[in-house]
Amino acid sequence: MKMPQKPPSFHDLLDRIVGGSRFSDVFTAVSKPPQPDRYVHWDKLRHLQPPEDLSHEEWWAGLKFMRSTQLKSVPLEDVQGNPFRFAVPDVAQERLHEIDLQFGGQIGMPDQITNPDTRDQYLVRSLIEEAITSSQLEGAATTREIARDMLRAGRPPRDHSERMILNNYITMQRLGKLRDESLSRDLILDIHRLVTDQTLDDPSQAGRLRRSDEKIDVGPELTSDVFHVPPPADELEDRV
């Protein structure tokens with residue numbers, strides 16, 4: 001995985017545009033998105049042809065400004081105290097409307113769920129497939145056939161990947177019984193313990209918060225790129 005290039009400072013670009021003579025040119029040229037059916041990040045936009053005589057930086061600033069008018073905040077903040085924000089673009093609104101028109105009043109549960117004779121078998125099969133898919137996304141390396149056989153036969157896992165799949169399967173079964181309980185610190189740690197049981201280099205890390213002497217940076221193993229730095233450990237107690 002390649003680290004996307006960080007975009008130029010939006011506020012610096014906006015100050016430059018507003019303070020210059022390019023304001024009307026920029027915002028007239030960006031009235032239409034470069035690809036109406038998807039969001040285009042700076043890492044891709046910088047390789048596309050800008051409209052009219054705009055630079056890539058001007059194009060990005062104009063699009064960013066247009067997007068900012070649609071943003072809504074959620075009650076979550078990053079480490080700098082900035083709220084997380086999201087936008088629902090026009091293309092998403094159109095597709096949601098199509099779903100409402102085509103499926104309103106017609107969505108029903110599969111016969112396997114409504115039929116008492118097949119319901120339990122259907123749910124177990126769904127849990128198995130979800131456990132396998134989730135673990136593979138997390139890096140588990142095994143075939144779906146082997147993983148299914150392990151879960152159906154109740155065979156103990158033979159390696160780290162199979163342990164990840166079994167943990168996910170056990171955890172999802174547990175979550176089904178907890179759906180009416182309020183989320184709490186102890187419940188979060190209990191779920192963490194189930195998911196990570198016998199999969200961590202340090203087994204004592206299962207079911208507890210990270211300590212200040214445990215540094216974790218998220219990124220690809222083969223490069224020095226860092227994609228995510230988690231909050232300081234001494235802040236976790238208050239955050240949870």
Side-chain angles (χ1 to χ4, degrees), residues 1-12 41-43 71-86 127-144 146-147 150-151 154-240:
M1 179 183 293
K2 180 179 72 71
M3 184 71 170
Q5 186 180 100
K6 187 176 180 179
S9 170
F10 169 62
H11 295 292
D12 290 346
H41 187 271
W42 165 256
D43 191 54
L71 293 176
K72 297 181 180 180
S73 298
V74 298
L76 293 173
E77 297 179 347
D78 63 15
V79 293
Q80 283 81 37
N82 300 314
F84 285 96
R85 300 185 296 173
F86 73 97
L127 286 178
I128 289 175
E129 294 303 320
E130 178 62 27
I132 296 171
T133 300
S134 298
S135 300
Q136 289 177 333
L137 289 173
E138 295 164 9
T142 188
T143 67
R144 302 185 77 85
I146 291 176
M150 175 191 67
L151 295 177
R155 170 178 63 78
R158 294 178 295 201
D159 54 32
H160 183 269
S161 293
E162 290 187 355
R163 169 56 65 179
M164 291 172 61
I165 293 171
L166 178 61
N167 286 356
N168 275 349
Y169 180 67
I170 293 173
T171 302
M172 285 188 289
Q173 288 181 309
R174 172 76 170 147
L175 291 176
K177 299 176 181 178
L178 297 173
R179 60 180 177 270
D180 296 326
E181 292 194 21
S182 299
L183 193 61
S184 65
R185 176 185 181 279
D186 290 341
L187 184 55
I188 292 174
L189 295 180
D190 182 51
I191 294 171
H192 181 267
R193 179 185 58 78
L194 290 174
V195 171
T196 60
D197 182 38
Q198 300 182 51
T199 64
L200 303 175
D201 294 336
D202 180 359
S204 72
Q205 294 177 336
R208 66 167 173 83
L209 296 176
R210 178 168 48 89
R211 297 194 306 258
S212 58
D213 60 335
E214 296 170 330
K215 190 177 187 305
I216 301 175
D217 294 334
V218 180
E221 295 182 358
L222 300 180
T223 72
S224 59
D225 293 332
V226 176
F227 291 174
H228 171 68
V229 178
D234 55 6
E235 296 180 5
L236 295 180
E237 194 73 41
D238 293 335
R239 286 173 173 262
V240 175

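The basis for the numbers below is simple: all heavy atoms, side chains too, and nothing from hydrogens, waters or symmetry mates. On a predicted model such as this, the values are computed, not experimentally measured, just so you know.
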Across all chains, not counting sequence neighbours, the salt bridge (Lys or Arg N to Asp or Glu O under 4.0 Å) partners of Asp43 are Lys2, Arg46
Pairs satisfying salt bridge (Lys or Arg N to Asp or Glu O under 4.0 Å), at least one member in residues 75-85, at least two apart: none
Roughly how far, to the nearest 0.5 Å, is the CG atom of Leu194 from the CG atom of Leu189? 11.0 Å
Tell me, do Phe86 and Leu71 make a side-chain contact under 4.5 Å, heavy atoms counted? no
Could you tell me whether a side-chain N or O of Glu130 sits under 3.5 Å from a main-chain N or O of Leu127, the two making a donor and an acceptor? no
Do Asn167 and Gln198 have side-chain heavy atoms sitting under 4.5 Å apart? no
Using side chain to side chain contact (heavy atoms under 4.5 Å, CB included) as the criterion, list what pairs up with Pro7, not counting sequence neighbours. His41, Trp42, Trp60
Are the side chain of Arg208 and the backbone N or O of Ser204 linked by a donor-acceptor pair below 3.5 Å? yes
Other residues, nucleotides and ligands only: do more than 12 of their heavy atoms fall within 6.0 Å of CG on Asp201? no
Taking Ser161 for its side chain and Ala141 for its backbone only, find out whether a donor-acceptor pair lies under 3.5 Å. yes
Taking the side chain as C-beta and beyond, is there a heavy-atom pair between Gln205 and Arg211 under 4.5 Å? no
Does Arg158 form a side chain to side chain contact (heavy atoms under 4.5 Å, CB included) with Met150? I'd like the steps, not just the answer. CA-CA 9 Å; Arg158 294 178 295 201; Met150 175 191 67; over 6 Å; no
For Arg185, check side-chain hydrogen bond (donor to acceptor under 3.5 Å, both in side chains) against everything at least two apart and list the hits. Glu237
Between the CG atom in Leu151 and the CD1 atom in Ile146, the distance rounded to the nearest 0.5 Å is 12.0 Å
State the OG-CE distance between Ser134 and Met164, to the nearest 0.5 angstrom. 9.5 Å
Spacing of CD1 belonging to Ile165 relative to CD1 belonging to Ile128, to within rounding of 0.5 Å: 11.0 Å
Run the numbers on Leu209 and His192 for side chain to side chain contact (heavy atoms under 4.5 Å, CB included), then give the verdict. CA-CA 9 Å; Leu209 296 176; His192 181 267; over 6 Å; no
Sort and list the pairs that fulfil salt bridge (Lys or Arg N to Asp or Glu O under 4.0 Å) and have at least one residue in residues 132-144, not counting sequence neighbours. Glu129-Arg144
How long is the straight-line distance from CD of Gln173 back to CG of Asn168, given to the nearest 0.5 Å? 11.5 Å
Backbone N/O of Thr142 and side chain of Gln136: donor-acceptor pair under 3.5 Å: yes
Would you check if the side chain of Glu214 reaches a backbone N or O of Arg210 as a donor-acceptor pair within less than 3.5 Å? no
Holding to salt bridge (Lys or Arg N to Asp or Glu O under 4.0 Å), I want the full list of residues that pass it with Asp190, two or more places apart in sequence or in another chain. Arg174, Arg193
Residue pair Ser184 / Asp186, side-chain donor-acceptor N/O under 3.5 Å: no
Is it true that a side-chain atom of Thr196 and a backbone atom of Thr199 form a donor plus acceptor pair closer than 3.5 Å? no
